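All values derive from a computational prediction rather than experimental measurement. Lettering of chains follows the sequences in order, A, B, ..., and the numbering in each one begins at 1.
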2 protein chains.
Amino acid sequence: MVTIADVARHAGVAPSTVSYVLTGKRSISPQTRSKVRESIRLLGYHPHAGARALASSRTNVVALVLPLRPGVHLPALMRFVTAAATTARKHEMDVLLMTADEGAQGLRRVAGSAQVDGFLMMDVELDDDRVPLLRQLPQPSVLIGRPAAVAGLTCVDLDFEAAGGRCVDHLADLGHRYIGFLGAPSVVYQRNTGSAQRAMAGFGAAAMRRGIASTALPADDDYESVLHSVRALLRAQPAMTALVVHNEAALGWVAGSLRVLGRRVPEDMAVVGICPDDLAEQLQLTSVQLPAEELGHQAVELLVARLNGQPVPPLTLLAPKLIGRASTAPRPRG
Amino acid sequence: MVTIADVARHAGVAPSTVSYVLTGKRSISPQTRSKVRESIRLLGYHPHAGARALASSRTNVVALVLPLRPGVHLPALMRFVTAAATTARKHEMDVLLMTADEGAQGLRRVAGSAQVDGFLMMDVELDDDRVPLLRQLPQPSVLIGRPAAVAGLTCVDLDFEAAGGRCVDHLADLGHRYIGFLGAPSVVYQRNTGSAQRAMAGFGAAAMRRGIASTALPADDDYESVLHSVRALLRAQPAMTALVVHNEAALGWVAGSLRVLGRRVPEDMAVVGICPDDLAEQLQLTSVQLPAEELGHQAVELLVARLNGQPVPPLTLLAPKLIGRASTAPRPRG
DNA sequence: GTGAAAGCGCTAACAG
DNA sequence: CTGTTAGCGCTTTCAC
């Protein structure tokens, strides 16, 4: 194995000089620098990661903690993961993958053994039990999602409240005056899921603000339940001409349900989803996108900033973007 | 930070003793062992990963190199990843995530800096340029997929040849005598993609073996192309009553194309796919599954075996499993 | 069955 | 601007 001493000898300098050329932590004369660089290249030298970590207490690795509970949209998750990995590499960092099933125990292990410089944790819910632990760890962490108390943490999330509002605004601008909201399964709300509750709240508030009549119902993931909820919405508000759907699993059934109930999309009923882009694209659905890449990128940037001792805001909310597709049209005048 | 010296002092033993309790590399008296264990627990000691790697030249980390080219089925990929991660943890190992876009350069970097003990590389194709490099590296590697020359490597893959054959056998057993094969886009075959070619070869050989007339065509990923290819197949072999599809992206259009051409599934035309299970389930398609979990698990087991100096076969082929669903039925007698 | 001590390869004072 | 050197925390001989 080629070590820093080999490089130093080959270049006729001290090991520390080689180290400084590599880290840039002190100024080196151009001649020395290029001499050293050349030796490094010639010998094919790569600093030993373990030795470096030991001496510098920096691993240049971030842990990425993924949720793998059923129901997460895998394509969106992968988009997030690759964005995070790519951004990490831009900062000369690597990514250690942790599945959530190791729980707090796993975090303690990885943190305790100094395997990583920081943590990225996805899909954090309001009362996640790992959050208090993260606060204690010596390594900084960035959460994707939004726990109840944000103080002392760094979180990034889509602004779900604004997302709900954005859907209403889009529909209101098209002339719709009676709008329904088809939400997640009711257990999700019982479970205190932040994104679900906030999207719903944003939807309701925007409707009030615009003087629009709104009705909301949860829906389970199966056809029966979706059909039932859509029918119930229409019964509750017969003049309804638009629907906001915040339920990925239900989306596939919505068009069918509406058809069965005699409503064409978008002529009789405009539909807006809050969902990953590929799903919306596939269903030709106007939607507020879940910005997976942007979240992954931002999360890493925030973590890197914290590692460099820079101050970062406790909560970064990404503005929702609505993409118009075939499922929305101006309200039928009649 | 708690070090091994702290634990040793607390337990009244030498640091080396603590180390040996942890690694089990020499016998320790039960009393000493439990004394040490207790101190470890009390102090919340975790060995420093970097220090350990430096002293032992073992990181207990494996690199997982993922393909992120367009067209890979993300849900199946994630199933593979989690299986690999879970199996790795069973062996006290962690997983470092590498995206393929770093290419050979990235492998060299990670290998050179001794960040990992070995490599897991997914979706290797016949002429992958990173394969020769992997052979040179000091760390062992396991490939998921099957490059042209397997000597000196360790590979795991689904037995695509048997998979193609299995589809034919299933259909032949149901009485079908004229079978079509709808393959990947023709560029995939031009690109020398092993799995595509082997599935096709297995299909052809099995048909010959069973005395069945077979016809094959490639298909692109869009509706037009699929419709065109299916129509061409039917024209070439009007008596065709069954279809084997090895093209994930086309699968969604197959049923529609057949309907347009006046064939009901499965009454007029039986369909078998070679595709990830969730896709097949969703389409209610009889299929040979892509055993993502099993591949991930096996790959890690093989790598661990190699790390322990155990001999492993250069090629491990997993037997295809066919799951019967609604898309196949006995041949209509008429 | 246990201890003492010599590194593993690198970084970061300290010294010039 | 560069060299010398003392660790970083652990494993693993060697010695008893």
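No hydrogens or angles considered: a donor-acceptor pair under 3.5 Å links the side chains of B/E301 and B/H91.
Rounded to whole angstrom, the span from the OH atom of B/Y20 across to the P atom of D/dC10 amounts to 15 Å. If you take CG of A/L54 and P of C/dT11, they are 11 Å apart, rounded to a whole angstrom. Put simply, NE2 on B/H48 is 8 Å from P on D/dC10, counting in whole angstrom units. As a whole-Å value, the separation of B/M1 CE from D/dC8 P is 12 Å. Residue A/K25 contributes atom NZ, which lies 11 Å from atom C1' of C/dC10 at whole-angstrom precision. In this structure, B/R58 atom CZ and D/dC10 atom C1' are separated by 16 Å, rounded to whole Å. Nucleotide D/dC8 holds its C1' atom 19 Å from the NE2 atom of B/H46, rounded to whole Å. One interatomic measurement links the two molecules: CD of B/Q115 to P of C/dG9, which rounds to 16 Å at whole-angstrom precision.
Within 4.0 Å (heavy atoms only), A/V18 reaches no atom of the nucleic acid at all. Backbone-only contact: B/T32 has heavy atoms under 4.0 Å from sugar-phosphate atoms and none from a base. Using a 4.0 Å heavy-atom cutoff across all strands shown, B/S19 reaches at least one base atom of the nucleic acid.
If you check distances only, the side chain of A/R26 does reach the base of D/dG3 with a donor-acceptor pair under 3.5 Å. Between the side chain of B/S16 and the base of C/dA4, a donor-acceptor pair under 3.5 Å is found.
Candidate nucleotides C/dA4, D/dC10, C/dC10 were compared by shortest atom distance to the side chain of B/A14, and C/dA4 ranks first. Between C/dT11, C/dG1, D/dC10, one nucleotide has an atom nearer to the side chain of B/S27 than all others, and that is C/dG1. Side-chain proximity of A/I28 to D/dT2, C/dG9, D/dT13: nearest is D/dT2. In this structure, the nucleotide among C/dG1, D/dC10, C/dC10 sitting nearest to the side chain of B/S29 is C/dG1.
Between A/D94 and B/R109, at least one side-chain nitrogen of the basic residue sits less than 4.0 Å from a carboxylate oxygen of the acidic one, meeting the salt-bridge criterion. Taking the charged nitrogens against the carboxylate oxygens, B/R41 and B/E38 do have a contact shorter than 4.0 Å, which makes a salt bridge.
Toward the 5′ end of DNA chain C lies the nearest nucleotide of B/V13, the other residue of the pair B/V13 and A/A5 mapping further downstream.
Phosphate proximity of C/dG9 to A/R52: absent, as no side-chain N or O sits under 4.0 Å from OP1 or OP2. The shortest distance between the side-chain N/O atoms of A/Y45 and the OP1/OP2 oxygens of C/dC10 is below 4.0 Å. Here B/T17 does not reach the OP1 or OP2 of C/dT2: none of its side-chain N or O atoms lies under 4.0 Å away.
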What do the steps show when you test A/D277 against A/K321 for salt bridge (Lys or Arg N to Asp or Glu O under 4.0 Å), and what is the final call? CA-CA 11 Å; A/D277 232 23; A/K321 281 206 184 62; over 6 Å; no

What's the verdict on salt bridge (Lys or Arg N to Asp or Glu O under 4.0 Å) for B/D117 and B/R58, showing C-alpha distance, side-chain angles and the deciding distance? CA-CA 6 Å; B/D117 295 335; B/R58 270 279 221 154; 3.6 Å; yes

Steps toward salt bridge (Lys or Arg N to Asp or Glu O under 4.0 Å) verdict (A/R191, A/D127): CA-CA 9 Å; A/R191 201 201 288 145; A/D127 51 359; over 6 Å; no

